[in-house]
Amino acid sequence: MNAAYKLFHEGSLALARAEQQGIRVDVDGCNRKKKFLSRKIDYLFHKFEETELAKVWRSVYGTGMNVDSNAQLSEVLYNHLGVTPPKLTNSGRGSTDEDALSKIDMPGVKLILDMRKLKKIRDTYLDQFLREVSSDGYVHPFFNLHTVRTYRSSSDSPNFQNIPKRDKDAMKICRKILFPRQGHQLLEVDFSALEVCVAACYHKDPNMLKYLHDPESDMHGDVAYKIFLLDDYDELIRKAGAIKKIKEFKLLRNAAKNGFVFPQFYGDYYKNNAYSICEWVKLPTDRKWKAGLGVKLPDGKSISEHFISKNIKDFDSLVEHLRKIENEFWGKDFKVYAQWKEKQWQSYLKNGYVDMFTGFRCSGIMRKNETINYPVQGAAFHCLLWTFIQTDKVMREENWDTRLVGQIHDSMVIDVNPDELEHVVETVHRIATVELPRAWDWIIVPMNVEFELAPVDGSWADKKDYERRGE
DNA sequence: TCGTTCACGC
DNA sequence: GACGTACGTGAACGAA
């Protein structure tokens with residue numbers, strides 16, 4: 001049987017068993033949270049009605065005024081109140097997304113943003129759970145393998161793959177409602193840097209392989225050194241143990257990782273990176289910098305003062321700085337990676353398709369970045385799916401009481417019987433890190449997984465890092 | 001009903 | 001020298 005077909009056939013059966021199992025919802029808690037949010041939204045709306053923005057809005061639209069209408073908000077803000085749009089939508093009017101509104105210093109605008117956050121939680125997530133919960137108190141999210149161009153999965157009814165995580169308040173409200181079966185606990189298993197690992201299997205860049213093979217090395221930290229010119233702090237960083245430990249450096253490392261490295265891998269370029277980096281370190285992009293702006297370094301010095309001392313005095317010189325780093329990134333540090341990207345594109349232009357390691361083929365009209373990203377994104381998910389299938393198989397063969405309940409592209413969620421916890425963890429760890437690379441010889445880098453565990457009868461919001469025994 | 005905008009995940 | 005993140009689901013609006 002064709003390998004790609006077999007993976008998806010077995011995958012859909014394993015995912016169907018997870019769907020059938022489902023996740024317990026605290027319906028009463030969900031309703032209470034909804035009421036609480038509605039009261040808060042009402043309160044914010046009353047406060048909003050006192051603002052100048054609301055008064056002008058009502059004078060323009062009368063009884064037709066609708067606070068949920070972005071078209072109306074855009075009209076009032078940019079055409080009646082004379083605010084200059086910080087950015088435009090695709091169709092050319094002033095944008096009202098969070099990024100744009102957060103740049104406008106008006107009390108009414110702030111209240112709109114606050115209301116939006118709460119409405120998102122209530123109307124997208126809580127309503128979805130209440131609508132989809134079955135009479136036994138469980139939701140059964142669908143996991144589809146037939147909807148996505150890259151041969152990843154999708155999820156719906158309810159969507160289990162976009163529940164808030166980064167925003168801690170939203171995370172708690174939404175995840176405190178999701179539970180395992182009585183007497184069980186939720187375990188989440190995450191592949192570390194899965195897409196980076198799979199990409200490295202395609203391009204085989206020697207420098208990237210070195211990073212992935214050496215657990216002591218730190219690519220994001222190294223890039224942070226370059227972007228923020230941290231040589232002066234070298235001794236401090238090494239003495240304290242790591243750039244990952246001191247919170248000021250940790251922020252710079254995150255800025256480098258999420259503002260430069262990952263966007264670069266996905267095909268973004270230095271100017272966007274400069275905006276993103278400025279957002280991370282809280283530097284203005286529209287005026288000359290002076291000492292005292294932005295985040296602080298551990299010695300109390302501001303990032304702006306530090307940049308200025310390195311002759312980076314404003315946004316434009318940061319753009320120029322990042323342009324050089326980008327050139328070095330692809331021209332020197334990851335030259336072989338860059339060559340693979342070009343080869344991949346040329347191969348698509350010649351053949352009209354690109355293939356994945358896992359036997360899938362993407363064809364049709366693609367842009368350059370897509371020919372590069374699709375095979376990586378797809379094959380990365382297939383690593384998770386293979387692990388999911390094997391775990392499901394062992395679960396049934398050994399008659400576990402534990403059940404797989406969901407999957408989020410590079411992680412899986414398991415409803416565990418506490419008596420079986422250690423065995424489950426060891427089994428999943430073995431399948432993901434030993435059996436997977438053995439089954440697929442194209443995997444030429446070490447595979448790693450991390451575990452998070454919630455207490456018995458705890459919610460999905462209560463998960464904490466979990467160390468395997470002997471680690 | 002469908003396109004657009006917005007917001008959440010990886 | 002210019003160009004320039006990928007993949008989804010779902011809610012709400014508003015025009016057709």
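Here is how names work: the chains are called A, B, and so on, in the same order as the sequence lines, proteins then strands, and each is numbered from 1.
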How is [X] classified with respect to the nucleic acid when contacts are heavy atoms under 4.0 Å: base, sugar-phosphate, or nothing?
X	result
A/Asp127	nothing
A/Asn162	base
A/Tyr270	base
A/Ser411	nothing
A/Pro164	sugar-phosphate
A/Gln264	nothing
A/Lys120	base
A/Ser153	nothing
A/Arg131	sugar-phosphate

Rounded off to whole Å, could you give me the [atom1]-to-[atom2] distance for the [X] and [N] pair?
X	N	atom1	atom2	answer
A/Ile372	C/dC7	CD1	P	12 Å
A/Asp114	B/dA7	CG	P	13 Å
A/Tyr269	C/dG4	OH	P	7 Å
A/Arg149	C/dT9	CZ	P	11 Å
A/Lys168	B/dG9	NZ	C1'	13 Å
A/Leu101	B/dT5	CG	P	15 Å
A/Asn70	C/dA11	CG	P	16 Å
A/Leu145	C/dC7	CG	P	18 Å

Nucleotide nearest [X] (side chain, heavy atoms from C-beta), chosen from [options]:
X	options	result
A/Thr89	B/dC10, C/dA6, B/dC6	B/dC6
A/Asp123	C/dA12, C/dC7, C/dC13	C/dA12
A/Asp97	C/dT5, B/dA7, C/dC7	B/dA7
A/Thr147	C/dT9, C/dC7, C/dG10	C/dT9
A/Lys165	C/dG10, C/dC7, B/dC10	B/dC10
A/Val148	B/dT4, C/dC7, B/dC8	C/dC7
A/Glu98	B/dC10, B/dC8, C/dT5	B/dC8
A/Asp156	B/dC6, C/dC7, C/dT9	C/dT9

It should be established whether [X] places a side-chain nitrogen or oxygen under 4.0 Å from OP1 or OP2 of nucleotide [N].
X	N	answer
A/Thr96	B/dC6	yes
A/Arg93	B/dC6	yes
A/Thr124	C/dA11	no
A/Thr150	C/dC7	no

Review point. What are the two closest non-hydrogen atoms of A/Arg403 and A/Met395, and how far apart are they?
Key: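 Smallest heavy-atom distance, with atoms named: CA-SD, 3.8 Å.
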
Review point. Minimum heavy-atom separation for A/Cys362 to A/Tyr151, with atom names?
Key: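 Closest pair (atom of A/Cys362, atom of A/Tyr151, distance): SG-CE1, 4.2 Å.
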
**Study point:** 5'-most by nearest nucleotide on DNA chain C - A/Ala71 or A/Glu326
**Key:**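 Looking at DNA chain C, the more 5' nearest nucleotide goes with A/Glu326.
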
Point to revise | No-H, no-angle donor-acceptor pair, A/Glu370 side chain to C/dA6 base, under 3.5 Å | key: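 Per atom types, no contact qualifies.
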
Practice item. Look at the side chain of A/Arg166 and the base of B/dC8, then say whether one donor and one acceptor between them are separated by less than 3.5 Å. Key: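 It does not, because no donor-acceptor pair links the side chain of A/Arg166 to the base of B/dC8 below 3.5 Å.
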
Any side-chain donor near an acceptor of the partner, [X] and [Y], under 3.5 Å:
X	Y	answer
A/Glu452	A/Ser411	no
A/Gln20	A/His140	no
A/Asn159	A/Gln128	no

Review point. Tell me, do A/Met412 and A/Leu404 make a side-chain contact under 4.5 Å, heavy atoms counted?
Key: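 Answer yes - side chains close enough.
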
Point to revise | P spacing across the pair B/dC10 / C/dG4, given as an integer number of angstrom | key: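 The same atom, P, in both gives a distance of 28 Å.
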
Check your understanding: Under a 3.5 Å cut-off for both distances, is C/dA2 Watson-Crick or wobble paired, and to whom?
Key ->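 Partner of C/dA2: none found under 3.5 Å.
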
Check your understanding: Knowing that exactly one of A/Asp97, A/Asn70, A/Asp68 qualifies, which makes a side-chain hydrogen bond (donor to acceptor under 3.5 Å, both in side chains) with A/Arg116?
Key ->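 Per the side-chain hydrogen bond (donor to acceptor under 3.5 Å, both in side chains) rule, the option paired with A/Arg116 is A/Asn70, out of A/Asp97, A/Asn70, A/Asp68.
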
**Study point:** Check: A/His409 ring centroid to A/Phe191 ring centroid under 6.0 Å
**Key:**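 No.
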
